[in-house]
Undergrad: 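After the structure tokens below, expect a handful of questions from me.
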Amino acid sequence: MRSIYEIDLEDLWRRGKRLILTDLDNTLVPWNHPQVPEKLADWLKMAHAKGFHVCIVSNNGEARVDAFARASGLPAVAGARKPKSTGFRMALERFQLPPEAAVMVGDQLFTDIQGANRLGMYSILVLPLDPKEWWGTKAVRMMERVALMMLRSRGLKRPHVVRVGRSEDGR
Ligand SMILES: [Mg+2]
């Protein structure tokens, strides 16, 4: 999925999901971006109106995460140490929900997605919002690209592409 805005909330609700756990940096807003864009505020309103809980689970520090939590009104777990399960569990406990009722949304395979999968939680990978980011994250992204290529070669297929070519007789 390209961004959180493409998530089919109705479908998640039908699948029994009630809690949307979300990464912060480069998933909701660009890295260390302090404000809540109007588009995001509208999306959160819509998700809440449908009945979802939305909670930030971020590896970033408390100062950053708490400031954004206040600005957005969202509950948050800071210093979550994804892909470790601690932060995910704290969030689940807060809402008294099992992993099956939650979905994790994030832009990083090795933290957001792997962490969720370890708990058997449904996960959604989105594209990072901003190319400007911490150098460590950049290095990890290169490894993620390699991992994705390996997964593809083991059967995770890209959508089938139908070749539109000339017919045999050249017309
Ligand atoms: Mg992120």
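Hydrogens, waters and symmetry mates play no part in the numbers below; they use all other heavy atoms, side chains included. Order of appearance sets the numbers: ligands from 1, and atoms from 1 within every ligand.
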Undergrad: Cluster question for you: counting only ILVMFWY and a side-chain heavy-atom cut-off of under 4.5 Å, with indirect links fine, are M90 and M104 together?
TA: no
Undergrad: One thing to verify: whether D11 and K17 come together as a salt bridge, which I'm taking to mean a side-chain N less than 4.0 angstrom from a carboxylate O.
TA: no
Undergrad: Is it the case that more than 12 heavy atoms not belonging to R118 sit under 6.0 Å from its CZ atom?
TA: yes
Undergrad: Among the clusters formed by ILVMFWY side chains lying less than 4.5 Å apart, do L9 and I124 turn up in the same one?
TA: yes
Undergrad: May I have the list of side-chain donor-acceptor pairs in residues 36-58 shorter than 3.5 Å, sequence neighbours left out?
TA:
from	atom 1	to	atom 2	distance (Å)
H48	ND1	L44	O	3.1
K50	NZ	E10	OE2	2.8
S58	OG	N60	N	2.9

Undergrad: Could you count the protein N, O or S atoms found under 2.8 Å away from the Mg ion (ligand 1)?
TA: 3
Undergrad: Might you point out which heavy atoms bring G106 and D23 nearest each other, and give the distance in Å?
TA: CA-CB, 3.8 Å
